[in-house]
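See below for the structure under consideration.
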Amino acid sequence: MIKVKNTEEIELMRESALIVSKTLGMLASEVKPGVSTLQLDALAETFIRDHGAVPGFLGLYDFPNSLCMSPNAQVVHGIPNDKPLENGDIISIDCGALKNEFYGDHAYTFEVGEVAPETKKMLDITKQSLYVGIREFKHGNRVGDVGYAIQKFTEDHGYGVVRELVGHGLGKKMHEDPEMPNYGRRGRGKKFVEGMVVAIEPMTNLGTHRIKQLKDGWTILTADGKPSAHFEHDVALVNGKPELLSTFKYIYDALGIVSDEEDEFRQVKI
Ligand code: MG
Ligand code: MG
């Protein structure tokens, strides 16, 4: 059942989402060759608690850390470890925060030093596909419209769309109805309703869409060992239109990137 949120609840969710956004922004300056994902995880946990929130993933389904850290061929759900990042790596950082009983949940794939051009392009297309999907999260549309748009855009660029892992409704639970696949058919699935909040999160592989799971029971990686990218935003349906609750602004500020990509999805200035 879809749990819609009222205006006040959406503002609380924006607060949780922005704590995650600021955490990712803080990490943007720290992601570099030589730093381990466990070090970054510790920084994030302290930062989230300093902002009056609790790490959303820590202990969730018994996950052992605050961040899912998935380098290179890892798609999602990687567990932080003490192996240093290397020049040329990419690292998906997925972060959750719980405050005022509501979850924020979003993700960005960072470049570590100099990344191969074909990988850079995949990151760019995956991030674009996120906005292609968000644009379809509007009055009158259904779950399949978002999935269709992401899949078409991604496959037109020759990449693989991961099937087994999907976006989701978000609220007092990290995973609420509906599931939001990154593939689908136009006009199919649950209809979007005013006040619903979802996490839209394309996971895109440079090669095959197929995946496998490590014996740790968590880490998902590409079946062919090629790199994978992951970007995620939290979005509410307000006035029939997608309203971004999270932002990459803090990441861009840290990295010196100028972008207006979020402007069309923001009715409330942050
Ligand atoms: Mg996430
Ligand atoms: Mg999510």
Side-chain angles (χ1 to χ4, degrees), residues 2-3 5 13-14 16-28 31 37 40-41 44-45 47-48 53-71 74-80 90-99 102-110 123 126-127 129-131 133-134 137 143 146-147 150 161-184 196-204 211 218-221 228-237 242 244-248 250-251:
I2 294 173
K3 284 196 160 62
K5 282 80 184 172
M13 292 200 69
R14 191 192 303 277
S16 300
L18 289 178
I19 290 172
V20 181
S21 302
K22 287 172 186 168
T23 307
L24 292 174
M26 177 276 294
L27 292 170
V31 170
T37 50
L40 297 172
D41 183 75
E45 177 170 357
F47 188 92
I48 291 166
V54 174
F57 298 158
L58 186 64
L60 185 72
Y61 315 120
D62 292 327
F63 189 77
N65 291 86
S66 296
L67 300 175
C68 293
M69 302 287 262
S70 311
Q74 293 187 11
V75 180
V76 287
H77 300 168
I79 299 173
I90 56 170
I91 177 83
S92 154
I93 304 184
D94 195 348
C95 180
L98 175 64
K99 189 175 181 180
F102 286 103
Y103 281 100
D105 170 27
H106 77 131
Y108 192 91
T109 303
F110 294 88
L123 294 179
T126 308
K127 184 149 64 67
S129 80
L130 171 59
Y131 295 111
I134 291 172
F137 180 59
V143 166
V146 169
I150 293 173
V161 173
V162 173
R163 308 290 203 275
E164 293 84 349
L165 298 128
V166 296
H168 49 91
L170 185 69
K172 290 192 173 178
K173 288 190 176 156
M174 176 67 78
H175 298 111
E176 296 187 352
D177 275 347
E179 288 197 338
M180 295 286 295
N182 298 303
Y183 59 93
M196 69 188 287
V197 179
V198 295
I200 298 180
E201 48 179 318
M203 290 155 251
T204 300
I211 54 153
W218 280 105
T219 312
I220 304 291
L221 64 171
S228 181
H230 175 218
F231 291 86
E232 177 178 24
H233 267 312
D234 300 339
V235 197
L237 192 63
L244 268 190
L245 302 182
S246 53
T247 179
F248 293 144
Y250 301 104
I251 295 172

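In each ligand, atom 1 is the first atom listed, and ligand 1 is the first ligand listed.
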- Task: State which residue, out of H106, H233, H168, fulfils the side chain to side chain donor-acceptor pair (under 3.5 Å) condition with E201.
- Result: H168
- Query: Going by distance alone, is a donor N or O of one side chain under 3.5 Å from an acceptor N or O of the other, for H77 and Y61?
  - Reply: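 Distance-only check fails for H77 and Y61.
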- Query: Looking only at atom types and distance, does a side-chain atom of S21 sit under 3.5 Å from a main-chain N or O of T247, one as donor and one as acceptor?
  - Reply: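 Indeed, once roles are kept as given, a pair shorter than 3.5 Å links the two residues.
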- Task: Could you tell me whether the side chain of S246 and the main chain of D234 form a donor-acceptor pair under 3.5 Å?
- Result: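 Yes: the side chain of S246 pairs with the backbone of D234.
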- Task: Tell me, please, if H175 has any N/O/S atom, main chain or side chain, under 2.8 Å from the Mg ion (ligand 2)?
- Result: no
- Nearest heavy-atom pair of L24 and C95: which atoms, and what distance?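 Of all heavy-atom pairs spanning L24 and C95, the closest is CD2-CB, 4.2 Å.
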- Provide the tally of protein N/O/S atoms nearer than 2.8 Å to the Mg ion (ligand 1).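 Those protein atoms number 4 in total.
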- Task: Mind checking the OH-CD1 spacing from Y183 to I150? Nearest 0.5 Å is all I need.
- Result: 12.0 Å
